[in-house]
Visitor: 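Handing you a structure now.
It should be emphasised that the depicted structure is a prediction, and the values quoted were computed from it without experimental measurement. Atom set for the values below is all heavy atoms of this structure, side chains included, hydrogens, waters and symmetry mates excluded.
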Amino acid sequence: MKRPGNWPAAFGLCALLLSADSLSAVILKVDRQRITVDDIISITIRVTEGEDLSRAEIGNIMEYFNIEGAPQQSSRTSIVNGVRESYTEVVLQASPKQPGSITLGPVRVDGVISNQVVIDIIEAATPAPGDTETVFIQTEVDSESIFVQGQLLYTLRIFHAVNLDEPALSDL
């Protein structure tokens, strides 16, 4: 197959368009959008292309949530088929202060503004005597079907009302 005479120029234009997709962005996300006042939620702030998270203005997060423990920060850079993607994210574990429907965000980092997330916080249901489960497990996957060698995100949550001595899980 013969390449067109302007192939290098077209390739450069394609690379320019691909790099335009990776412009600066700030993304706000939560692991669940419906929680009880007794739950702890993960709030993730992700920045791309070098914004400085130490200068983040986290908006109204502190107004509605108590931050539990220290924030977790991670960075990732990947190059796939010549396309570079890099981001840094901070994950906050937070417990709600009161019930209600709230709009979280936006978060501002270096002048870039994030999306907003709506979260419904409901009162915790009080179980009838004898109906409480001391331990239960919740699992979920991010996709119902995957390809061979594909990625599958498997989430396992263990909820417990009593201390577990030497808990263990078998391999998947």
Side-chain angles (χ1 to χ4, degrees), residues 14-126 136-147 149-161 169 172:
C14 181
L16 178 65
L17 291 174
L18 287 173
S19 66
D21 288 339
S22 63
L23 293 175
S24 298
V26 178
I27 301 166
L28 177 66
K29 61 183 179 176
V30 294
D31 64 343
R32 292 166 290 152
Q33 291 184 298
R34 184 173 171 87
I35 61 172
T36 68
V37 292
D38 295 334
D39 285 340
I40 293 181
I41 189 172
S42 293
I43 302 171
T44 304
I45 303 168
R46 178 183 286 192
V47 297
T48 60
E49 299 304 316
E51 287 85 4
D52 186 5
L53 273 171
S54 67
R55 294 186 297 210
E57 299 170 22
I58 60 173
N60 60 357
I61 293 174
M62 299 298 287
E63 180 181 339
Y64 297 110
F65 290 93
N66 294 314
I67 305 301
E68 308 291 333
Q72 302 168 354
Q73 182 170 338
S74 63
S75 297
R76 178 178 178 190
T77 300
S78 64
I79 301 173
V80 177
N81 295 332
V83 177
R84 180 181 165 273
E85 179 185 16
S86 128
Y87 62 84
T88 302
E89 64 183 19
V90 170
V91 179
L92 306 169
Q93 300 297 320
S95 59
K97 292 182 178 179
Q98 60 191 18
S101 182
I102 63 166
T103 301
L104 201 59
V107 173
R108 184 183 311 259
V109 180
D110 290 344
V112 181
I113 299 173
S114 76
N115 57 309
Q116 294 181 325
V117 177
V118 176
I119 302 172
D120 291 321
I121 304 168
I122 59 173
E123 289 287 345
T126 54
F136 68 95
I137 296 175
Q138 181 182 51
T139 61
E140 63 184 52
V141 293
D142 66 337
S143 177
E144 293 297 321
S145 62
I146 61 169
F147 296 102
Q149 300 286 328
Q151 175 178 314
L152 176 71
L153 181 62
Y154 177 81
T155 304
L156 172 73
R157 291 186 182 97
I158 302 173
F159 299 90
H160 58 93
L169 296 174
L172 295 175

Visitor: Applying salt bridge (Lys or Arg N to Asp or Glu O under 4.0 Å), can you list everything that pairs with E144, at least two apart in sequence or on another chain?
Guide: none
Visitor: Are the side chains of V37 and E123 in touch, meaning some heavy atoms are under 4.5 Å apart?
Guide: yes
Visitor: For residues L152 and D142, determine if any side-chain heavy atom of one lies less than 4.5 Å from a side-chain heavy atom of the other.
Guide: yes
Visitor: Could you tell me whether Q138 atom CD has more than 12 heavy atoms of other residues or ligands within 6.0 Å of it?
Guide: yes
Visitor: Would you indicate whether the side-chain heavy atoms of I43 and I67 approach each other to under 4.5 Å?
Guide: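 No, too far: nothing below the 4.5 Å cut-off.
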Visitor: Please list all pairs passing the side-chain hydrogen bond (donor to acceptor under 3.5 Å, both in side chains) test where one or both residues lie in residues 60-72, with sequence neighbours left out.
Guide: E68-S95
Visitor: For T44, check side chain to side chain donor-acceptor pair (under 3.5 Å) against everything at least two apart and list the hits.
Guide: none
Visitor: Are any non-hydrogen side-chain atoms of K29 and V117 less than 4.5 angstrom apart?
Guide: no
Visitor: For I40, is there any backbone N or O sitting under 3.5 Å from a side-chain donor or acceptor partner on R32?
Guide: yes
Visitor: Report the residues that fulfil side chain to side chain donor-acceptor pair (under 3.5 Å) with R76, sequence neighbours left out, ordered by chain and then residue number.
Guide: none
Visitor: When you check the side-chain N and O atoms of T77 and E85, is any donor under 3.5 Å from an acceptor?
Guide: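 No, no side-chain donor-acceptor pair sits under 3.5 Å.
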Visitor: Output a table of donor-acceptor pairs, distance under 3.5 Å, between side-chain atoms of residues 96-107 and any protein atom two or more places apart or on a different chain; print 'none' if there are none.
Guide:
{"unit_1": "K97", "atom_1": "NZ", "unit_2": "M62", "atom_2": "O", "d": "2.8"}
{"unit_1": "S101", "atom_1": "OG", "unit_2": "D120", "atom_2": "OD1", "d": "2.9"}

Visitor: Mind checking what makes salt bridge (Lys or Arg N to Asp or Glu O under 4.0 Å) contact with R108, not counting sequence neighbours?
Guide: E57
Visitor: Are the side chains of V91 and Q93 in touch, meaning some heavy atoms are under 4.5 Å apart?
Guide: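 Yes; the side chains approach each other to less than 4.5 Å.
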Visitor: Would you call V26 and I113 a side-chain contact if the rule is heavy atoms closer than 4.5 Å?
Guide: no
